[in-house]
Amino acid sequence: TFSSTANPGDSNEHIYGLFDQEIPQEVVSAKQLDESTMPSYYPAVGYDPQSQRFLVAWEDTRGGANTKIYGQIVLSGSGLYNSNSLITYQDTNNDGSQDSNIANSKQTKPFISYDSVNQRFFVIWQDARNGSVSLENLDIYGQYVNSEGSPSGTNYSINIAEANQYNPTIAYNSTVNQFLAVWKDARNYSSTASDI
């Protein structure tokens, strides 16, 4: 996956994909994965070997300057499955709309891993929803995503320590059925600068 301004319909950056067997071909059209008319950035991809589907997630500005994380399932035969889904959607009071602390903040820099035991993806990202908890509003949140692209359960915090936590990555260990998440962390910045 990559981001590019190749869309002839507008001058915005979008998310595209090419399968490796298509790269050596002289003429092939990349597939636009985001359904947005607004800019999209920082794609990440995970693979489900059971269903032979990819999940691509990215930062998306279709709702305004406060970026959200959207995702799209891509079939191994190169077609899109269902449509884009909002991965960072959260409605804790069940009023049918996005929680205001999430709607009014940015969710950025997604990374994806795959849980082969429970057959679902896990998306992790930087999140600015906790302005009162994190000094500069960046914490680490995550969300399970089913193999057809729908969120499973709710967003939950992985780390909400003071100061910034950013640039998360995550890996899955099927032997012990656990994820390991790592990130850059500034909670001890005055003494050790940023830590992992």
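What's counted below: heavy atoms across the whole structure, side chains too, no hydrogens, waters or symmetry copies.
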What ring pair (Phe, Tyr, Trp, His ring centres under 6.0 Å) pairs are there with at least one residue in residues 65-95, not counting sequence neighbours? none

Could you point out which residue of Asn159, Asp127, Asn130 forms a side-chain hydrogen bond (donor to acceptor under 3.5 Å, both in side chains) with Tyr141? Asn130

Is there side-chain contact between Leu80 and Leu75, with at least one heavy-atom pair below 4.5 Å? no

Contact list for residues 146-175, test ring pair (Phe, Tyr, Trp, His ring centres under 6.0 Å), sequence neighbours left out: Phe122-Tyr156, Tyr172-Phe179

Any Tyr16 side-chain heavy atom under 4.5 Å of Gln32 side chain: yes

Taking the side chain as every heavy atom from C-beta outward, state whether Asp48 and Ile73 have any pair of such atoms under 4.5 Å apart. no

Pairwise side-chain contact, Ser147 with Arg53, heavy-atom cut-off 4.5 Å (strictly under): yes

Shortest non-hydrogen pair, Asp91 vs Gly96, comes out as OD2-N, 2.8 Å

Would Asp115 and Arg120 count as a salt bridge (Lys or Arg N to Asp or Glu O under 4.0 Å) here? Give the steps. CA-CA 5 Å; Asp115 172 352; Arg120 58 188 177 177; 3.6 Å; yes

Are Met38 and Ile15 joined in one hydrophobic group, where the rule is that I, L, V, M, F, W and Y side chains link up if heavy atoms are under 4.5 Å apart? no

Do Ile69 and Ile112 land in one hydrophobic cluster if side-chain heavy atoms of ILVMFWY residues count as linked below 4.5 Å? yes

Evaluate the side-chain proximity of Glu35 to Ser83: yes if any heavy-atom separation is below 4.5 Å, no if none is. yes

Are side-chain heavy atoms of Gln126 and Lys106 found at a separation under 4.5 Å? no

Can you find a heavy atom in the side chain of Trp58 that is under 4.5 Å from one in the side chain of Tyr42? no

Just wondering, do Ser105 and Asn66 contact through their side chains at under 4.5 Å, heavy atoms? no

Hey, what do you get for OG1 (Thr67) to CZ (Arg62), rounding to the nearest 0.5 Å? 12.5 Å

Between Thr88 and Gln90: side-chain donor-acceptor atoms closer than 3.5 Å: no

Applying the 4.5 Å side-chain criterion to the ILVMFWY set and letting contacts propagate, would Leu138 and Trp183 be lumped into a single cluster? no

Check Ile87 against Asn155 and note the closest heavy-atom contact, atom names and distance. O-ND2, 3.4 Å

Apply side-chain contact (heavy atoms from CB on, under 4.5 Å) to the pair Ile140 and Asp185, showing each step before the final yes or no. CA-CA 10 Å; Ile140 306 300; Asp185 196 305; over 6 Å; no

In terms of hydrophobic clustering (I, L, V, M, F, W, Y; side-chain heavy atoms under 4.5 Å; direct or indirect links), are Leu86 and Ile102 co-clustered? no

Separation of Asn146 CG from Asn82 CG (nearest 0.5 Å): 11.0 Å

Between Ser100 and Asn104, is there a side-chain donor-acceptor contact under 3.5 Å, judged purely by atom types and distance? no

